Amino acid sequence: PRVMEILSRERMKAFMAFASGADIQKQEGDIPILVFNTHPYPVKRVISCEFQLQDQNHSGTHTAYQVYHNGKQIPAQLEKEDSTIPLDWRKKLLIEAELPPFALSVFICRPVILPEKPQIIQPAGEDICLQGGNATVRISRKTGWIQEMTCDGKPVLQEDAGKLLVIQDNEDPWGMTVTEYRNLTGAFTLADGETSGKIAGLDHAIEPVRVIEDGAVRTVVE
């Protein structure tokens, strides 16, 4: 643990040294995010970062962000932050970008004031269908299971994938007397809307299978 702590501190010192020489051109209210790619090759990934507004926003408006890299706007979106304070203050921002090899990248997050927080529109139909690149996924609203998943048009999962099974176990934590557990005793089933709301800590019913995040970077179904 002590060695890892020392390495963590040295790595932070090195990052701060690189960051001190960064050319950060920002306007009032902008938040810069600095990312260093330690690999000797380009890396394309989704960057996740949390930060806070300078002050709590009690006006009823909602603060969104546009992200710029080298003067060009790039795909980004806000998602549910780790905290659960019902206030426009804490932010979780996702940025999709390609990081150059062994270099520091600067992303400028520019605030955009919206009249209210955008609501996610749930798609119509019995299934929720997602498509990205060469992959497609179809999730049943009735069961929560994956009905279809394809890559380059070829199926990669069987129907009803993602079913949560209940397998008979025993009290031996080491598994000294068995090599496998195969006795199926049941399977979890989808909760109804009222129960789903209670599980989520809400005072109203919600759809048990629903889109909870949707933007320029990714879509999340819960």
Side-chain angles (χ1 to χ4, degrees), residues 1-5 7-8 37-39 41-50 75 77-84 92-96 98-99 119-222:
R2 176 57 179 165
V3 173
M4 297 303 295
E5 172 66 17
L7 289 174
S8 176
N37 177 13
T38 59
H39 301 290
Y41 49 82
V43 174
K44 185 175 183 180
R45 64 173 48 189
V46 174
I47 302 161
S48 176
C49 179
E50 286 209 15
Q77 75 183 72
L78 288 174
E79 281 194 351
K80 169 69 176 64
E81 62 280 359
D82 288 348
S83 67
T84 313
K92 180 179 181 180
L93 187 65
L94 302 183
I95 304 170
E96 184 178 21
E98 181 169 312
L99 306 174
Q119 299 297 315
I120 296 177
I121 300 175
Q122 299 297 325
E126 293 185 354
D127 298 333
I128 295 178
C129 298
L130 307 176
Q131 184 171 5
N134 58 347
T136 59
V137 179
R138 183 166 58 87
I139 303 171
S140 170
R141 272 199 168 99
K142 293 182 178 180
T143 64
W145 303 334
I146 298 174
Q147 298 304 303
E148 179 184 26
M149 182 174 180
T150 63
C151 185
D152 291 327
K154 299 178 181 179
V156 295
L157 290 178
Q158 293 183 347
E159 190 176 357
D160 293 343
K163 183 185 297 186
L164 297 179
L165 305 178
V166 181
I167 308 294
Q168 183 177 356
D169 200 346
N170 61 34
E171 68 282 358
D172 179 9
W174 297 101
M176 299 290 288
T177 60
V178 295
T179 57
E180 60 182 10
Y181 296 98
R182 292 290 182 178
N183 189 7
L184 177 65
T185 62
F188 283 88
T189 58
L190 196 65
D192 57 27
E194 183 177 351
T195 304
S196 298
K198 290 180 179 180
I199 293 172
L202 303 174
D203 57 1
H204 57 83
I206 58 175
E207 290 291 334
V209 181
R210 63 200 180 279
V211 176
I212 61 170
E213 302 291 355
D214 190 22
V217 176
R218 66 184 179 191
T219 300
V220 179
V221 177
E222 181 176 75

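The chain is numbered in sequence order, starting from 1. None of these values were measured; they are calculated from a predicted model.
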Determine, stepwise, if the pair Ser196 / Glu207 fulfils side chain to side chain contact (heavy atoms under 4.5 Å, CB included).
CA-CA 7 Å; Ser196 298; Glu207 290 291 334; over 6 Å; no

Heavy-atom closest contact ([X] atom, [Y] atom, distance):
X      : Y      : value
Val211 : Glu213 : CG1-O, 3.4 Å
Met176 : Asp172 : N-OD2, 2.7 Å
Ile206 : Gly197 : CG1-N, 3.7 Å
Leu190 : Gly144 : CD2-N, 4.2 Å
Gln147 : Thr143 : NE2-OG1, 3.7 Å

Residues 215-222 side chain polar contacts: donor-acceptor under 3.5 Å, at least two apart:
from, atom 1, to, atom 2, distance (Å)
Arg218, NE, Glu79, OE2, 2.8
Arg218, NH2, Glu79, OE1, 2.9
Thr219, OG1, Asp214, OD1, 2.7
Glu222, OE1, Arg210, NH2, 2.6

Pair Gln158, Asp160 - check side chain to side chain contact (heavy atoms under 4.5 Å, CB included), show working.
CA-CA 6 Å; Gln158 293 183 347; Asp160 293 343; over 6 Å; no

Is there a donor-acceptor pair closer than 3.5 Å between any side-chain N or O of Asn37 and the backbone N or O of Leu99?
yes

Main chain of Trp145, side chain of Ser140: is a donor-acceptor contact present, judged purely on distance under 3.5 Å?
no

If you measure from [atom1] on [X] to [atom2] on [Y], what distance do you get to the nearest 0.5 Å?
X      : Y      : atom1 : atom2 : answer
Lys154 : Met149 : NZ    : CE    : 15.0 Å
Ile212 : Lys80  : CD1   : NZ    : 10.0 Å
Asn183 : Asn170 : CG    : CG    : 11.5 Å

Begin from the C-alpha positions of Ile167 and Leu184 and carry the test side chain to side chain contact (heavy atoms under 4.5 Å, CB included) through to its verdict.
CA-CA 5 Å; Ile167 308 294; Leu184 177 65; 3.9 Å; yes

If you look only at distance, which donor and acceptor atoms sit under 3.5 Å apart when one is on a side chain in residues 124-137 and the other is two or more places apart or in another chain?
from, atom 1, to, atom 2, distance (Å)
Asp127, OD2, Arg138, NH1, 2.7
Asn134, ND2, Asp152, OD1, 3.0
Thr136, OG1, Thr150, OG1, 2.4

